[in-house]
Structures are given as structure tokens and as C-alpha cells.
Amino acid sequence: MLLGATGSIGSSTLRVLSTHPDRLELVGIAAHGNWRRLAEIAHEFGVRDVALFDPAACAQARASNAFPEGTRFREGPGGLAELSTLESADIVLVAVVGTAGLEPALAAIAADKDLALASKEILVMAGKFVMEAARRKGTKILPVDSEHNAVFQCLEGHPGPGVRRIVLTASGGAFRDWPSEKLVRATPADALKHPNWAMGKKVTVDSATLANKGLELIEAQWLFNLKPEQCTAVIHPQSLVHCLVEFADGAMLAQLAPSSMTFPIQHALLYPERARGVEPPIDFTSLVRLDFAPVDLERYPMMRLAIDSMKRGGVAPAVFNAANEVAVEAFLAERIPFLAIPGIVGNALDRAAHFEPGSLADVLAADSEARRGAAADLPNFK
Ligand code: MG
């Protein structure tokens with residue numbers, strides 16, 4: 001089951017499926033609104049169960065005749081959740097942008113499916129509730145985010161108490177080598193030139209601010225049941241080492257792979273089996289360099305805000321995430337400059353009523369409140 005089939009993770013997933021047709025079968029697909037691409041995938045992989053988040057797109061899809069005969073359509077957030085519980089699915093890969101993946105992820109857990117998680121917002125916002133539900137059900141959660149998948153690989157067989165900390169690697173994003181003065185004039189087109197990874201727009205901008213790494217620290221905290229101070233990051237320009245795990249004795253394990261999402265996706269889908277990869281491994285017959293540098297919190301204020309949010313806990317990570325989404329969208333629409341993003345998020349965190357959420361509804365309320373506030377704040381940053 002693949003939610004987010006038409007996105008960047010979705011297309012890497014399809015490459016993994018095409019490489020292992022003997023091991024993996026696609027039984028359902030969902031997308032936000034791109035029904036034409038969804039129809040192509042349905043034909044190519046023989047899928048009859050589909051869902052579209054956007055009801056208008058779903059109506060067009062139904063009327064189009066583009067899908068295989070006998071296709072069963074579902075629509076809206078409920079449609080994605082329903083798809084996740086299909087009898088025929090063993091594992092649900094959630095790779096939909098933003099918070100739309102939350103309901104389907106919880107539905108999959110309730111229906112005893114394994115969960116492959118690519119959407120970090122799910123754990124950033126509702127880590128407490130998702131992990132609680134997963135523990136109750138004994139759900140296997142397989143991280144698809146490259147760094148978390150790497151931590152998962154390093155931790156296997158090593159009991160929790162022996163782990164001192166994890167170190168997620170960050171490429172430093174599109175502006176890693178820019179002088180600070182020049183950042184004032186950074187445009188969306190500049191921010192979208194990521195040095196190593198081909199990804200969606202939102203996450204590429206988040207890589208340039210390091211908000212992405214901040215969200216990943218919060219995600220890691222929940223996935224691996226760590227304290228905030230055990231989740232750290234380092235700049236690693238080559239994106240070949242995806243994480244380091246440091247143990248009590250000071251020894252470290254690292255996980256390396258080329259910077260392609262097919263590696264973590266395949267690991268999550270075939271786990272615990274190892275099989276031939278989609279792409280060739282790192283080639284050490286030519287020069288390979290691995291550099292590491294500390295994260296400069298002055299240069300990357302979004303990282304500092306993320307760490308503060310993680311330490312503060314409660315609804316703070318949800319507020320950080322929501323305000324960042326509003327700010328990044330405004331930056332991509334050229335409504336605010338690049339350097340305004342941390343200002344908007346910082347203000348949202350200052351304004352927010354901080355409390356420990358008692359339910360998912362509390363988190364969603366804090367999320368919409370932060371979005372409203374951040375949107376109203378945008379004109380102050382023109
Ligand atoms: Mg990542």
C-alpha cells in the first residue's frame with residue numbers, strides 16, 4: 001500500500017517495486033490530486049484500489065475512463081484511511097506531504113498493518129499518540145527517512161541503554177557555501193538547488209534552513225525513544241553517511257549508502273531481508289571523501305528553534321512544524337524573504353499556549369492556531 005504514489009518518495013518506491021516484483025506487490029495507491037499519474041501507475045502495477053485526497057480530483061478520475069476497469073475509488077482523508085486498512089495490505093508506506101498522513105497512519109496501526117513512515121510530520125506532531133498506539137498493537141514501524149532508516153539499521157541487536165546518542169547527518173542544503181550576507185537575497189529558485197538529493201519543494205527549502213534536520217531530530221526522539229539531548233546532528237556535505245550511533249563506550253557505528261531514497265525504501269519494505277539494490281553501491285575505486293563539521297546555530301536559527309521545541313515538548317514541535325509550513329509556502333510564493341522564515345516560526349513559538357496535549361484534537365487545535373497566527377504575521381516580514 002503506497003500513500004503518496006505520485007510524489008518523490010512514491011516514484012522511488014515504484015522503482016523498488018519494479019526491481020522486486022517477486023517479493024513485493026502493490027495493492028493500493030493514493031495521491032493528493034494528480035489522478036492522471038495515478039492512473040498510469042494503476043495500469044503499470046495492476047492496482048484496483050485507489051484513493052485521492054482531493055474530492056474534486058476524485059470526481060474527475062471517476063469520470064475519466066483513465067483507470068483500469070473495476071477500479072474502486074475512495075476520496076478525502078477518510079478515503080486514504082480506508083485504503084490503509086485493506087485486507088490485502090501487509091505494510092502501508094505513508095509518504096504524503098504534511099499532516100494528511102496522520103489519520104491513515106493511525107488507521108493502519110489499528111488494522112494491524114506494519115507501517116513504513118516517510119512523512120515526518122506524523123511523529124513530529126503526534127509522536128506521543130502514534131507511538132502509544134503502535135506499542136499497544138505491537139506494530140512494526142519501519143522508518144523510511146534516510147537518516148532514521150540508517151539509525152534503525154545501526155541499532156539492530158543493540159539494546160537501548162548502551163546507546164549514548166545518535167548523530168543525524170545534514171548536507172547543509174543549497175546555501176551551505178554561501179556567505180551569510182548573500183542569504184538576504186536568496187530566492188526560491190536558489191533554495192531549490194539542493195546539492196545531493198532530488199526531493200519535493202517543501203523539504204528542499206527545509207534542507208536549506210536545516211528545519212528539515214530539526215524535524216528529523218524530533219522524529220528520531222519518538223522513533224527510538226530517546227531524550228532530546230541524545231538526538232544530535234552534524235554537517236556532512238557528501239550525504240553518504242546517513243547517521244552515526246554512539247554507544248556508551250564511545251564507539252560509533254555509521255551507515256553509508258549513496259544518496260538515493262531507493263536504499264532506505266527497499267530496506268523498509270523488505271526488512272529483515274536483504275536483496276539486490278536498485279542502484280549501484282558507493283564506488284571506492286575512485287576518491288571518496290567524507291567531511292564532517294559542527295552545525296552553526298547562528299547560521300541555522302531554525303535548528304536552534306527545533307532543538308528548543310524538542311526540549312520544551314508538549315505542543316511546541318507541532319507549533320514549530322505548522323509555522324514553518326506557512327513560512328515556507330510564503331517564501332516559495334515570493335511573499336517573504338528567505339531570512340524571514342525563522343522570525344515567523346520564532347514568533348509562533350513565543351505566541352503559542354504551551355501545554356501537554358491530552359488528545360490528538362489538542363494537537364490539531366495547536367496546529368491550526370499556529371497556522372492562523374503565522375499567516376497573520378507574514379505581512380510584518382515583507
Ligand atoms: Mg531525511
Side-chain angles (χ1 to χ4, degrees), residues 1-26 29 31 37 40-41 44-45 47 91-97 114 116-120 142-156 168-174 176 192-204 206-207 212-213 216 219 235-245 253-292:
M1 182 68 56
L2 175 56
L3 310 185
T6 58
S8 161
I9 300 278
S11 54
S12 294
T13 305
L14 297 176
R15 292 178 62 204
V16 172
L17 297 177
S18 303
T19 306
H20 298 289
D22 47 333
R23 292 179 169 88
L24 296 165
E25 186 196 355
L26 187 59
I29 45 177
R37 176 70 191 123
E40 288 170 9
I41 300 167
E44 192 184 338
F45 290 87
V47 178
I91 181 163
V92 179
L93 197 162
V94 185
V96 295
V97 180
D114 289 339
L117 264 192
S119 312
K120 49 192 71 126
L142 296 146
V144 169
D145 208 346
S146 56
E147 298 79 0
H148 304 77
N149 181 268
V151 174
F152 185 93
Q153 293 193 34
C154 289
L155 283 181
E156 218 168 359
L168 305 185
T169 56
S171 69
R176 183 184 63 222
L192 293 177
K193 287 184 202 127
H194 194 282
N196 304 341
W197 296 92
M199 307 177 288
K201 281 185 185 178
K202 160 75 168 49
V203 52
T204 306
D206 283 350
S207 294
N212 182 54
K213 207 52 51 184
E216 288 180 355
E219 186 188 359
I235 301 280
H236 166 52
Q238 291 88 3
S239 298
L240 293 175
V241 175
H242 302 294
C243 85
L244 299 138
V245 175
L253 289 184
Q255 191 267 2
L256 287 83
S259 41
S260 160
M261 287 306 293
T262 58
F263 288 89
I265 292 168
Q266 174 166 322
H267 176 269
L269 292 182
L270 292 186
Y271 181 79
E273 193 191 346
R274 298 273 186 179
R276 178 173 66 91
V278 177
E279 287 166 85
I282 299 170
D283 176 13
F284 286 106
T285 60
S286 56
L287 178 70
V288 176
R289 282 192 53 167
L290 302 175
D291 295 312
F292 298 92

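The structure displayed is predicted, hence computed values, not measured ones. In this chain, residues are counted from 1 in sequence order.
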Got a sec, which residues hit side chain to side chain contact (heavy atoms under 4.5 Å, CB included) with [X], two or more places apart in sequence or on another chain?
X	value
Thr169	Val234, His236, Val241, Phe292
Ser11	none
Arg274	Gln153, His267

If the condition is ring pair (Phe, Tyr, Trp, His ring centres under 6.0 Å), which residues does His148 pass it with, not counting sequence neighbours?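 Testing His148 for ring pair (Phe, Tyr, Trp, His ring centres under 6.0 Å), a comparison that skips the adjacent residues, returns none.
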With sequence neighbours excluded, what pairs up with Phe45 under the ring pair (Phe, Tyr, Trp, His ring centres under 6.0 Å) test? none
According to salt bridge (charged side-chain N to carboxylate O under 4.0 Å, His left out), does anything in residues 15-25 pair up with another residue at least two apart or in another chain? List the pairs. Arg15-Glu279, Arg23-Glu273
Salt bridge (charged side-chain N to carboxylate O under 4.0 Å, His left out) contacts touching residues 144-153 (sequence neighbours left out):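 Qualifying pairs: Lys120-Asp145, Glu147-Lys213.
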For [X], give me all partners under side-chain hydrogen bond (donor to acceptor under 3.5 Å, both in side chains), at least two apart in sequence or on another chain.
X	value
His242	none
Gln255	none
Thr285	Asp283

I'd like to check the salt bridge (Lys or Arg N to Asp or Glu O under 4.0 Å) partners of Arg289; sequence neighbours left out, ordered by chain and number.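 Asp291.
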Just jot down the salt bridge (Lys or Arg N to Asp or Glu O under 4.0 Å) partners of Lys201, sequence neighbours excluded, or say none.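 With neighbours one apart ignored, the set is empty.
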Quick one: does any side-chain atom of Gln266 pair with a main-chain N or O of Ala275 as donor and acceptor, under 3.5 Å?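 Present.
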Contact summary for [X] and [Y], nearest pair of heavy atoms:
X	Y	result
Cys243	Val151	SG-N, 3.4 Å
Leu240	Pro258	CD2-CA, 4.1 Å
Ser239	Ser171	OG-CB, 3.5 Å

Output the distance between atom CD1 (Ile265) and atom CG (Leu93), rounded to the nearest 0.5 Å. 6.5 Å
